[in-house]
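Input: a single structure, listed below in structure tokens.
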Protein chains: 2
Amino acid sequence: MDLFLSTFENRIDKKGRLSVPAPFRAVLERRRDPLYLFKSLTEPCLEGCGPERIGQIVDAIESMDSLSAEVATLQTMLSSAQEMKLDGEGRMMLSGDFIDFAELDDMALFAGIGRSFQIWLPARYRERETAARSRAKTDGLPSLRLGGAYRPPGDTDGRS
Amino acid sequence: MDLFLSTFENRIDKKGRLSVPAPFRAVLERRRDPLYLFKSLTEPCLEGCGPERIGQIVDAIESMDSLSAEVATLQTMLSSAQEMKLDGEGRMMLSGDFIDFAELDDMALFAGIGRSFQIWLPARYRERETAARSRAKTDGLPSLRLGGAYRPPGDTDGRS
DNA sequence: TGGGATTATTTGGGATATCATGGGAAATAT
DNA sequence: ATATTTCCCATGATATCCCAAATAATCCCA
């Protein structure tokens with residue numbers, strides 16, 4: 001299973017082009033997947049993923065009550081989604097809408113988070129990162145308490 | 001899996017013509033499908049789709065009790081539907097009925113939602129989008145547990 | 001282990017193609 | 001005959017393609 005990991009910072013040139021980091025392109029190319037970007041529902045950043053995630057949203061909408069608020073939310077995700085075509089050098093063109101939404105100027109930070117990645121204004125991402133780290137120090141590590149995470153048998157990690 | 005995604009804002013010229021966004025035309029042309037428009041049952045917008053969706057509605061009606069209220073509702077959709085012919089440049093002419101229904105004036109916003117798209121008065125669409133985004137922030141994202149493991153991008157759940 | 005050489009990747013810019021839009025003229029309908 | 005629709009071509013804006021330069025990462029041998 002190959003994942004989007006690590007962070008990369010690339011320049012947005014004056015034509016609005018932005019290189020997708022080569023390791024991220026490699027993940028997509030291995031699967032022959034096109035890249036989709038959409039506006040995050042909860043944060044001022046863009047989300048990148050492959051088609052399977054888009055397909056899940058489409059399927060979910062069709063199985064839900066079309067009058068529900070949840071469907072409207074999912075439709076908002078799809079309506080902001082674009083299939084990004086990359087040029088020969090692996091760059092995509094960011095629409096003005098995307099740039100405005102994430103408040104990007106001349107640099108973009110890619111943050112790999114597993115099955116998807118995010119694109120942030122670098123300064124904003126770092127703010128968020130330090131905030132998350134200090135929260136972790138004072139509040140502990142909430143993520144490790146969530147269910148489903150694999151731990152080797154017998155690894156109680158000091159917690160009950 | 002080609003889908004209607006993203007949003008486009010096009011002008012309705014003084015002859016009443018409106019360009020269908022090239023990516024949407026491409027989806028239909030790949031399938032050699034004509035375009036159908038009909039009035040939304042639930043919102044002040046127009047719905048656009050290919051013939052298979054119209055066929056689904058017809059099939060649904062035939063499988064239901066022909067005296068039920070639902071059937072009457074679905075028949076309303078069909079009776080408002082028009083097959084749109086496009087000119088050489090990919091434009092369609094909206095009937096006065098359609099323009100009145102969606103309260104359009106000189107701009108139309110196309111919002112792709114997967115297997116269909118909608119046409120809105122831009123200002124009205126944005127209101128609705130804003131509402132959906134603030135709902136997502138307060139209420140959280142819809143939890144899609146369809147076919148298992150979907151998690152919204154960004155929700156790493158503490159796992160990498 | 002160091003450092004120059006080689007390759008991969010990102011960035012830049014000019015040429016070309018695509019697309020939305022506008023308007024005139026021909027065709028069709030009322 | 002008059003209004004409306006359809007067809008055709010023009011234009012400007014913008015995206016795409018293609019090639020080249022600059023930067024960064026990797027390799028290889030001393």
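So you know, we letter chains A, B, ... as the sequences are listed, proteins then strands, and number each from 1.
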Whole angstrom value for the distance that separates [atom2] of [N] from [atom1] of [X]:
X     : N      : atom1 : atom2 : answer
B:N10 : D:dT14 : CG    : C1'   : 14 Å
B:F8  : C:dT18 : CZ    : P     : 17 Å
A:K85 : D:dA15 : NZ    : P     : 9 Å
A:M92 : C:dT11 : CE    : P     : 12 Å
A:L94 : D:dT14 : CG    : P     : 16 Å
B:L86 : C:dA20 : CG    : C1'   : 14 Å
A:F98 : D:dA15 : CZ    : C1'   : 16 Å
A:R25 : C:dT9  : CZ    : P     : 7 Å

Where along nucleotides 22-30 of chain C does protein come under 4.0 Å, by heavy atom, of base (B) or sugar-phosphate alone (S), with - for untouched nucleotides?
-> BBBB-----

Could you tell me which residues satisfy side chain to side chain donor-acceptor pair (under 3.5 Å) with [X], sequence neighbours excluded, listed by chain and number?
X     : value
B:T73 : none
B:E29 : none
B:E47 : B:Q118

Quick one: salt bridge (charged side-chain N to carboxylate O under 4.0 Å, His left out) pairs with a partner in [range], sequence neighbours left out?
range                     : answer
residues 31-42 of chain B : B:D2-B:R31, B:R31-B:D33, B:K39-B:D97
residues 53-82 of chain B : none
residues 71-88 of chain A : A:D87-A:R91
residues 7-16 of chain B  : B:E9-B:R126, B:R11-B:D106, B:D13-B:R17

In residues 99-126 of chain B, which residues come under 4.0 Å of DNA chain D by heavy atom?
->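 The stretch gives none, as no residue of it lies under 4.0 Å from the strand.
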
How would you list all residue pairs meeting ring pair (Phe, Tyr, Trp, His ring centres under 6.0 Å) that involve residues 3-46 of chain B, not counting sequence neighbours?
->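 For residues 3-46 of chain B: B:F4-B:F24, B:F4-B:F117, B:F8-B:F24, B:F24-B:F117.
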
State, yes or no, whether a side-chain contact exists between A:R30 and A:R25 at a heavy-atom distance under 4.5 Å.
->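 The answer is no; the side chains never approach within 4.5 Å.
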
Tell me who clusters with A:M93, hydrophobic residues only, linked when side chains sit under 4.5 Å apart either directly or through other members.
->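 Traced through the cluster, A:M93 reaches no other member.
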
Give the nucleotide from the list C:dT10, C:dA20, D:dT5 with an atom nearest to the side chain of B:M93.
->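 Of C:dT10, C:dA20, D:dT5, D:dT5 is nearest to the side chain of B:M93.
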
Any side-chain donor paired with an acceptor under 3.5 Å for B:Q56 and B:R115?
->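 There is no such pair between these side chains.
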
Net bend of the helix from C:dT1-D:dA30 to C:dT30-D:dA1, end axes of five pairs each, nearest 10 degrees =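 Between the first-five-pair axis and the last-five-pair axis there is 30°.
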
